[in-house]
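Just below is one structure, and these are the notes that go with it.
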Amino acid sequence: MTEFSTLEYANLNSVVYGALCDALMQGRFQPGDRLKIRDLAEQFGTSVTPIRDAILRLVNDEAVTFRSPRDIRIAGLSEERYREIRAIRVRLEGLAAETAAQVATSAEIQALEQIVRENEAAIAEGDRLRGTQLNQAFHFMLPKIAGLPVLTSILRRLWLQMGPHISGAYLAGGRAMIDHHYPVIEALKRHDPAAASMAIVDDILLGGKPILDRIASSAEREARRA
C-alpha cells in the first residue's frame, strides 16, 4: 500500500508540474503574474503540497521567481538573457528543422499546414492565447518529426521562460509571428535541410523582433522608475 501511495503522490506532482509547464509554454501566464498557491490548489482540486512542489521545480527551471511564500511571480527576462536564449534556440531549433526536413512524411507536413491555418484564424480573431498555443505546437512538431526527444526536453526548459513573453507580444507581432512558418513547410516538402534550418532561424530572429522590442521597452520603463 505504501508503494502505491508513494507512486500516486509522485504522479500527482508530475501531473501538476506538467500542467503548469504547458500553461507557461503556451502563454497562459504573462510576465510578472502572481501565482497563488491556494488558488491553484483549488483549481487543480489538490492540496497545496503538489502545487508548492511544482512551483519550486519551476523556480529551479528559472521560469518562476520566488520572492516570498506570498509573492511568487512569473519571471521576467532581461534583454541580455533573451538574446542568450534566442542564440541557443537558433542552434537547437535549426537542428530540429534540418533533421525534420530529411524525414518528414506527407501526413506530418499536412499537420504543420493545419496548425498554420488555425494560427491564421487565431490572429485574424485576435485570439492571443490560441495563437500562442499554436505557435508553440508548430515549433515543437519539428523535433518530434525529427525524432529528437532529448532536444525536445532541452527546448521545453527554454520555452518555459519564453512562453509568457511570446504570448505578451503575439498580437502586436501580428503576421510576423507566423509568416516564416510557410518557408519552413515548403523546405520540408522539398526535403531541403539547409532551407528548413534557415527558415526557422529567420522565424526566431525576424519573427521574434516584437518580443525583443517588448522586453527592451519594459526594461526602459523599469530604468525610468529606478
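Treat the numbers as computed from the prediction; the structure is a model and nothing was measured. Every heavy atom of this structure was used, including side-chain atoms; hydrogens, water molecules and symmetry mates were not.
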Note: Ala196 and Val184 closest approach over all heavy atoms is O-CG2, 4.5 Å
Write down the atom of Ala146, the atom of Ala100, and the distance for their closest heavy-atom approach.
CB-N, 3.7 Å
Do Leu158 and Val201 sit in the same hydrophobic cluster, where Ile, Leu, Val, Met, Phe, Trp and Tyr count as joined when their side-chain heavy atoms come under 4.5 Å apart?
no
Is the backbone of Gly27 close enough, under 3.5 Å, to the side chain of Arg128 for a donor and an acceptor to pair up by distance?
yes
Do any side-chain atoms of residues 111-119 form donor-acceptor pairs under 3.5 angstrom with protein atoms, and if so which ones, sequence neighbours left out?
from: Glu113; atom 1: OE2; to: Lys189; atom 2: NZ; distance (Å): 2.7
from: Gln114; atom 1: OE1; to: Arg117; atom 2: NE; distance (Å): 3.3
from: Gln114; atom 1: OE1; to: Arg117; atom 2: NH2; distance (Å): 2.7
from: Gln114; atom 1: NE2; to: Glu118; atom 2: OE2; distance (Å): 2.9
from: Glu118; atom 1: OE1; to: Arg130; atom 2: NH2; distance (Å): 2.7
from: Asn119; atom 1: OD1; to: Tyr170; atom 2: OH; distance (Å): 2.9
from: Asn119; atom 1: ND2; to: Tyr170; atom 2: OH; distance (Å): 3.0

With a 4.5 Å cut-off on side-chain heavy atoms, are Leu212 and Glu79 touching?
yes
Rounded to the nearest 0.5 Å, what's the gap from CG on Asn13 to CG on Asp53? Could you check?
5.0 Å
Any donor and acceptor pair, going by atom type alone, linking the side chain of Ser197 with main-chain N or O of Pro193 inside 3.5 Å?
no
Is the side chain of Arg214 donor-acceptor paired with the backbone N or O of Gly168 at a distance under 3.5 Å, no angle test?
yes
Calculate, to the nearest 0.5 Å, the distance between atoms CD1 and CD belonging to Ile200 and Glu93 respectively.
6.0 Å
If you round to the nearest 0.5 Å, how far is CG of Leu20 from CZ of Phe29?
6.0 Å
Test your reading of the model: is there a side-chain donor-acceptor pair from Ser167 to the backbone of Gly163, 3.5 Å cut-off?
no
With a 4.0 Å cut-off on N to O distance, would you call Glu42 and Arg38 a salt bridge?
no
Output the distance between atom CD1 (Ile85) and atom CD (Gln161), rounded to the nearest 0.5 Å.
4.0 Å
Is Val59 reachable from Ile51 through a run of hydrophobic residues whose side-chain heavy atoms are each under 4.5 Å from the next?
yes
Are Ile178 and Glu120 side-chain neighbours, meaning at least one heavy-atom pair lies under 4.5 Å?
yes
Please tell me if the side chains of Leu77 and Met162 come closer than 4.5 Å, counting only heavy atoms from C-beta onward.
yes
Do Leu206 and Leu92 sit in one hydrophobic cluster, given that two such residues count as connected whenever their side-chain heavy atoms are within less than 4.5 Å of each other, even indirectly?
no
Arg52 side, atom CZ; Thr46 side, atom OG1 - distance, nearest 0.5 Å
10.5 Å
Ala75: what forms a side-chain contact (heavy atoms from CB on, under 4.5 Å) with it, not counting sequence neighbours?
Thr65
Do Ile211 and Met177 pass the side chain to side chain contact (heavy atoms under 4.5 Å, CB included) test, and can you show the C-alpha distance, the side-chain angles, and the key distance before you say yes or no?
CA-CA 10 Å; Ile211 306 166; Met177 306 304 279; 4.2 Å; yes
Is any side-chain heavy atom of Asp22 closer than 4.5 Å to a side-chain heavy atom of Arg156?
yes
If we only count heavy atoms from C-beta on, is the Leu58 to Phe66 side-chain gap below 4.5 Å?
no
Heavy atoms of Leu148 and Ala96 approach each other most closely as CD1-CA, 4.3 Å
Short side-chain to backbone donor-acceptor contact, Asp33 and Gln30, under 3.5 Å:
yes
Where at least one partner belongs to residues 134-167, residue pairs that pass ring-ring contact (aromatic ring centres under 6.0 Å, His included), sequence neighbours excluded
Phe138-His181, His139-Trp159, His139-His181, Phe140-Trp159
Shortest non-hydrogen contact from Ala187 to Ala101?
O-CB, 4.4 Å
Are Leu142 and Leu188 packed together at the side-chain level, in the sense that at least one heavy-atom pair is separated by less than 4.5 angstrom?
yes
If two hydrophobic side chains count as joined below 4.5 Å and joins carry through other members, does Leu171 share a cluster with Ile166?
no
Compare all side-chain heavy atoms of Ile72 with those of Arg34 and state whether any distance is below 4.5 angstrom.
no
May I ask you to test the Val103-Glu108 pair for a side-chain heavy-atom distance under 4.5 Å?
no
Exercise: identify the closest heavy-atom pair between Ala63 and Leu24:
CB-CD1, 4.1 Å
Taking every non-hydrogen atom, the tightest pair across Ala41 and Ser47
CB-O, 3.7 Å
Working to the nearest 0.5 Å, report the span between CD of Glu186 and CD1 of Ile109.
9.0 Å
Any link between Met25 and Ile88 through a network of hydrophobic side chains (Ile, Leu, Val, Met, Phe, Trp, Tyr) touching at under 4.5 Å?
yes
